[in-house]
Every structure is written in structure tokens, then in C-alpha cells.
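Right, one structure below, let's go through it.
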Amino acid sequence: RFACCGRSIVIWDLASRTRLAKLHPFKHPGCIEWSPSTDRLAVKSTSGKLVITTVDDGASEPIWLRRRGVEGAEIAFSACGNFLVDCDWDGKLQVLDVRTSEVVYSESIPNAMITSLAYNQARTLFAYVVCPKPGLDYIAVRRWPFQENQPVLLQIDWQNVECIAFSPD
């Protein structure tokens with residue numbers, strides 16, 4: 001399966017080239033993320049709203065994780081699929097339990113934006129770009145679960161890091 005995001009979220013079966021479902025949880029979806037088991041899709045709006053929807057038939061109602069938020073970086077499921085990592089442009093990193101919508105971990109970086117989020121294939125390492133104001137950007141790399149592991153900071157000597165990615169090896 002394949003999902004694309006525009007005014008709506010469309011889920012495709014690539015083998016048959018058919019559309020399986022069309023979802024429209026809010027006006028401006030900005031980011032989508034498959035759960036590791038591929039049975040759920042998380043959707044984040046450009047204003048930071050978050051929903052989870054099952055994708056087996058596309059007919060189920062989305063579960064709201066957050067009705068208000070702040071614009072920000074991508075979202076990422078944990079390896080077990082029960083938690084969703086979210087970062088925003090107010091410098092907040094949160095982990096939400098997708099079963100209960102509760103925030104189970106949160107930290108704020110004062111006077112900074114978090115602009116990008118990435119994870120390795122096993123979803124045991126996560127990285128995010130921090131843009132302090134004023135100052136130079138840095139990248140925080142962190143093991144899962146976050147509450148048990150402090151970030152390792154990679155200092156870089158420029159501003160405006162646009163995106164980051166882990167190698168698959």
C-alpha cells in the first residue's frame with residue numbers, strides 16, 4: 001500500500017493501481033506516517049492537529065490525539081506502534097500513547113524550534129533538528145524510550161538544516 005497527502009489522504013494498492021480509501025480528517029493535512037504494523041495511519045495537520053485512523057477499509061472514524069497544536073516537524077511511530085513521537089516549532093518534543101491519547105513524555109527546549117524528525121529502521125534511534133534563536137542549529141540523537149535516554153547532541157556550524165535521515169545499515 002501507498003499513502004499520499006494533499007487536500008485529502010489517499011491510500012492506494014500499488015499492485016492493482018486502485019484507490020483503497022480517501023480520508024479527509026481536516027482541511028490541511030501536512031504529514032502522514034504508517035504504523036509499523038501498517039494497520040493504522042497517523043495524520044498531522046499543518047496546524048499541529050493529530051489523528052490516527054485504521055486503514056483496513058478506510059471507513060472508520062479517526063481517533064483524535066490532539067485537536068489543537070503547533071505547526072512543526074514530522075511524526076513517527078515507535079517500534080511497537082503504540083506511541084507517536086511529535087515535535088513542533090515551539091521547541092516541544094512529545095510522545096503520545098495512541099491507545100489513550102495521553103502524553104506520556106514531554107520536554108520543551110526554550111527559545112527554539114524543532115524542524116525535522118527522523119528514525120532508524122528499527123525505530124530504536126530518533127534524531128531531531130533543533131534551531132535555537134539565536135544560535136546555530138544542532139541535531140539531537142536519542143535512543144528509545146526517551147524518558148530513559150538523554151540525547152546525544154551533534155553540533156554543526158550552520159543554520160537552517162532542512163532535513164535529516166538515518167542510513168539503513
Side-chain angles (χ1 to χ4, degrees), residues 1-6 8-16 18-26 28-89 92-108 114-129 139-152 163-169:
R1 291 181 290 179
F2 178 81
C4 58
C5 175
S8 297
I9 309 300
V10 179
I11 302 168
W12 295 88
D13 179 318
L14 291 179
S16 66
T18 58
R19 186 169 71 183
L20 300 174
K22 182 177 180 182
L23 314 165
H24 191 73
F26 27 67
H28 302 287
C31 180
I32 52 179
E33 170 79 1
W34 286 100
S35 67
S37 60
T38 71
D39 63 336
R40 292 174 292 172
L41 193 67
V43 183
K44 183 177 180 178
S45 75
T46 56
S47 64
K49 298 174 186 174
L50 283 172
V51 297
I52 299 283
T53 186
T54 56
V55 293
D56 49 2
D57 61 4
S60 64
E61 284 294 312
I63 299 166
W64 284 91
L65 296 181
R66 185 172 61 223
R67 292 185 184 269
R68 289 191 179 141
V70 174
E71 192 169 6
E74 300 85 357
I75 49 180
F77 275 99
S78 63
C80 68
N82 291 329
F83 302 98
L84 191 70
V85 179
D86 180 39
C87 303
D88 70 31
W89 289 356
K92 189 178 287 183
L93 169 75
Q94 289 188 326
V95 177
L96 295 102
D97 186 323
V98 300
R99 300 160 298 183
T100 65
S101 303
E102 297 296 319
V103 175
V104 296
Y105 179 81
S106 182
E107 75 175 54
S108 292
I114 301 176
T115 59
S116 189
L117 174 68
Y119 53 86
N120 68 351
Q121 274 189 315
R123 298 176 193 248
T124 56
L125 283 175
F126 291 78
Y128 44 98
V129 176
I139 299 167
V141 180
R142 189 169 211 157
R143 291 203 170 279
W144 183 263
F146 295 163
Q147 56 268 41
E148 296 174 14
N149 297 286
Q150 291 298 310
V152 174
C163 55
I164 54 176
F166 282 95
S167 166
D169 57 356

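Bear in mind the structure is a predicted one, so any value in this text is a computation, not a measurement. Keep in mind that the numbers below use all heavy atoms, side chains included, and drop hydrogens, waters and symmetry copies.
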Check the pair N120, T124 against side chain to side chain donor-acceptor pair (under 3.5 Å), reporting the backbone distance first and the verdict last.
CA-CA 7 Å; N120 68 351; T124 56; 3.0 Å; yes
Can you measure from CD (E71) to OG1 (T115) and round to the nearest 0.5 angstrom?
11.5 Å
Check: R1 side chain, I11 main-chain N or O, donor-acceptor pair, under 3.5 Å
no
Side chains of S35 and D39, donor plus acceptor under 3.5 Å:
yes
Closest heavy-atom contact between G30 and C5?
N-SG, 4.0 Å
Which heavy atom of K44 sits nearest to which heavy atom of A73, and what is that distance?
NZ-O, 2.8 Å
To the nearest 0.5 Å, how far apart are CZ in F83 and CG in L96?
10.0 Å
Under 6.0 Å from the ring centre and within 45 degrees of the ring axis: does the NZ or CZ of R143 meet both conditions for the six-membered ring of F126?
no
Is it the case that over 12 heavy atoms from other parts of the model lie below 6.0 angstrom from the CD atom of Q147?
yes
Nearest atoms (heavy-atom pairs only) where P168 meets Q121:
O-OE1, 3.1 Å
CD1 on I9 to OG1 on T53, rounded to 0.5 Å
10.0 Å
Closest non-hydrogen contact found for C163 with S116 is CA-OG, 3.7 Å
Ignoring hydrogens and geometry, is there a side-chain-to-backbone donor-acceptor pair from E102 to D97 under 3.5 Å?
no
Do the side chain of S106 and the main chain of K92 share a donor and acceptor less than 3.5 angstrom apart?
no
What distance do I139 atom CD1 and Y128 atom OH have between them, rounded to the nearest 0.5 Å?
11.5 Å
On a heavy-atom basis, which atom in K49 and which in W64 lie closest, and how many Å separate them?
CB-CZ3, 3.9 Å
Let's go through R123 and F77 carefully: what are the C-alpha distance in whole Å and the side-chain angles of both, what is the deciding distance for side-chain contact (heavy atoms from CB on, under 4.5 Å) to 0.1 Å, and is it a yes or a no?
CA-CA 8 Å; R123 298 176 193 248; F77 275 99; 3.5 Å; yes
Separation between OG (S45) and CZ (R68), nearest 0.5 Å, reads 12.5 Å
Looking only at heavy atoms, which two atoms of P36 and G81 are closest? And how far apart?
CD-CA, 3.8 Å
Chi angles and distances behind the side-chain contact (heavy atoms from CB on, under 4.5 Å) call for W144, V85:
CA-CA 10 Å; W144 183 263; V85 179; 3.8 Å; yes
Calculate, to the nearest 0.5 Å, the distance between atoms OG1 and CD1 belonging to T100 and I63 respectively.
10.5 Å
Run the side-chain contact (heavy atoms from CB on, under 4.5 Å) check on Y105 and E107 step by step: do they pass?
CA-CA 7 Å; Y105 179 81; E107 75 175 54; 2.5 Å; yes
With a 3.5 Å distance limit and no angle check, can you tell me whether R19 reaches the backbone of V10 through a side-chain donor-acceptor pair?
no
